[in-house]
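Okay, so here's the structure we're looking at.
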Number of protein chains: 2
Amino acid sequence: MDNRFIQKLNGMALLGATEKAALEEVTANPTRFAARQDLIREGDPPGPVLVMLEGWACRYKVMPSGTRQIVAFLMPGDSCDLHTKLLTEMDHSIQTLTPALVARIPRSQIEKAMSEHRAIADAMYIAQLVDEGIMRAWIVSMGRRSSIERVAHLMCELYLRVRNIGLTHDHHFALPLSQQVLADALGMTPVHINRVLKELRLAGAMAIKRGSVAIMDPVKLVQIAGFDENYLHRRLRKAA
Amino acid sequence: MDNRFIQKLNGMALLGATEKAALEEVTANPTRFAARQDLIREGDPPGPVLVMLEGWACRYKVMPSGTRQIVAFLMPGDSCDLHTKLLTEMDHSIQTLTPALVARIPRSQIEKAMSEHRAIADAMYIAQLVDEGIMRAWIVSMGRRSSIERVAHLMCELYLRVRNIGLTHDHHFALPLSQQVLADALGMTPVHINRVLKELRLAGAMAIKRGSVAIMDPVKLVQIAGFDENYLHRRLRKAA
DNA sequence: CGTATTGTTGAAATGCATCAACCGCGGTGG
DNA sequence: CCACCGCGGTTGATGCATTTCAACAATACG
């Protein structure tokens, strides 16, 4: 299976064959996007539900000064904006970070799938609750963690999320994020991100190289981050 | 009307008399809590939906070091944890900041009200989307705003939220938050909060005194904060 | 009325931003 | 095929916002 959306939802609530087929159908006609392209812009009227099938994207807001703050990363399997059609305009933008394959599902279709299959509805709601937990964890990071702790914490989170969709190899995974993007996400400067990454590398915890991350010492990384995975609510504890 | 929950939801989606009655019924047997009492603790199994009818509370997480980060304020009319029953454990705690009156609604009752009244379901989902928007705005504040901008931004947000439930008087409203609590919410030190509040007072923008805030110069405050209210998605534009 | 809590102020320390320069690499065009 | 350009990454020196530590004042509270 390489539909990460189905794989992810199946980790949230057990899906049967008919449910998987329904999700397969609903994501059948995805669109390709280049990197650095806005899928949704702040102020737009809300559109269909978006599902990332391949590639990464981010939610972000730009400040009057022109700097931007990334408020969430979207990786394969992630969806967004379940009920946003209820709003009159978007309060943030979404942009691809890599070339991406994304399905755009009309509200009616999603509602149909959710009402016909309880497990799909449950999985979608759980996914949303996890997303909220991730946002809360980001707030905690920004408010109370030093820069090195913040970077380490984000890497722990991303590692587990990538692992949930089966895209890790040992303690190694593809991370197509430039230091500039990391800085935008963590509320720091690119140069300071660079220094912190160096520190983590020298500490033997992890190393980023050419778009991929190697976790050299998971225990040390978790320790530096003060990481507690509870907020990701992975049923994987069973599965793993 | 003094049921702030109904008042708030009515600002999200127009409610008819029967819908208001249904909400009235569902919040009919609230419980009283003292200040500084945990309503929910991290690690607990999720319980009923909580609705604040009177008083303030906050969502928070405590760090290993013992410091805490507040990730959201709950004021009268706010509810929480619509679908949390789907999770196995809470990833954060909720604590009263003042004496409070809170209704605890079983999942079955909420689901019944939402399925029988489309407007209630819509309003609840809009409320949740607004809460998510607020979280994103907090992330932006923590990541990209200076301390004085952060404080000003939070005050703008709280002013509008309090106004939505009809509890402002002119440019003045009750804010039962100590500087310690503000510090926990904004990721700063109490002493620095204190200095920033002084600065805002001397600038003639706003002044906090004994549990209440006076907005002296709204334009200046908004300007300092770089505040854009779009993320609160208030239908009040029509109503106001 | 004393005691705990909250607010206020000062001085010193520090973590991160800022400014500035340079390097390495991939891509493009001559 | 090579020279150039531009972007992402790396490093150093300096400045400043915020923390930290410490003491004290004001207010709420039993």
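Chain naming here is simple, since letters A, B, ... match the order of the sequence lines and numbering starts at 1 in each.
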- Item | Plane angle bin for B:His153 and B:Tyr231 - parallel if under 30°, tilted between 30 and 60°, otherwise perpendicular |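 Ring orientation, 0 to 90° scale: parallel.
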Under 3.5 Å side-chain donor-acceptor pair for [X] and [Y]:
| X | Y | result |
| --- | --- | --- |
| B:Gln95 | B:Arg68 | yes |
| B:Gln223 | B:Asp217 | no |
| A:Glu42 | B:Asn230 | yes |

- Message: Base contacts versus sugar-phosphate-only contacts with protein, heavy atoms under 4.0 Å: please encode nucleotides 16-30 of chain D as B, S and - from 5' to 3'.
- Response: --SBB-------S--
- Item | B:Gln179 vs C:dT8: side-chain N/O to OP1/OP2 distance below 4.0 Å |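 Yes, because at least one side-chain N or O of B:Gln179 sits under 4.0 Å from OP1 or OP2 of C:dT8.
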- Under 4.0 angstrom between A:Asn194 side-chain N/O and D:dT10 OP1 or OP2: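 The answer is yes; a side-chain N or O of A:Asn194 sits under 4.0 Å from OP1 or OP2.
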- Query: Is A:Thr84 reaching over with its side chain to a backbone N or O of A:Asp81, donor-acceptor style, under 3.5 angstrom?
  - Reply: yes
- Message: Can a donor-acceptor pair be found, under 3.5 Å and without considering hydrogens, that links the side chain of A:Ser79 to the backbone of A:Leu50?
- Response: no
Over how many whole Å does the gap from [X] atom [atom1] to [N] atom [atom2] extend?
| X | N | atom1 | atom2 | result |
| --- | --- | --- | --- | --- |
| A:Leu182 | D:dT10 | CG | C1' | 15 Å |
| A:Leu175 | D:dG8 | CG | C1' | 15 Å |
| A:Leu177 | D:dG9 | CG | C1' | 15 Å |
| A:Gln180 | D:dG8 | CD | P | 8 Å |

- Would you jot down, in residue-number order, the residues of residues 197-209 of chain B having a non-hydrogen atom under 4.0 Å from DNA chain D? none
- Query: What pair of heavy atoms forms the shortest contact from B:Met142 to A:Ile139, and how long is it?
  - Reply: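 So the minimum-distance heavy-atom pair works out to CE-O, 3.6 Å.
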- Kindly determine whether B:Arg41 and B:Asp38 satisfy salt bridge (Lys or Arg N to Asp or Glu O under 4.0 Å), including the steps that lead there. CA-CA 6 Å; B:Arg41 223 162 301 189; B:Asp38 276 330; 3.3 Å; yes
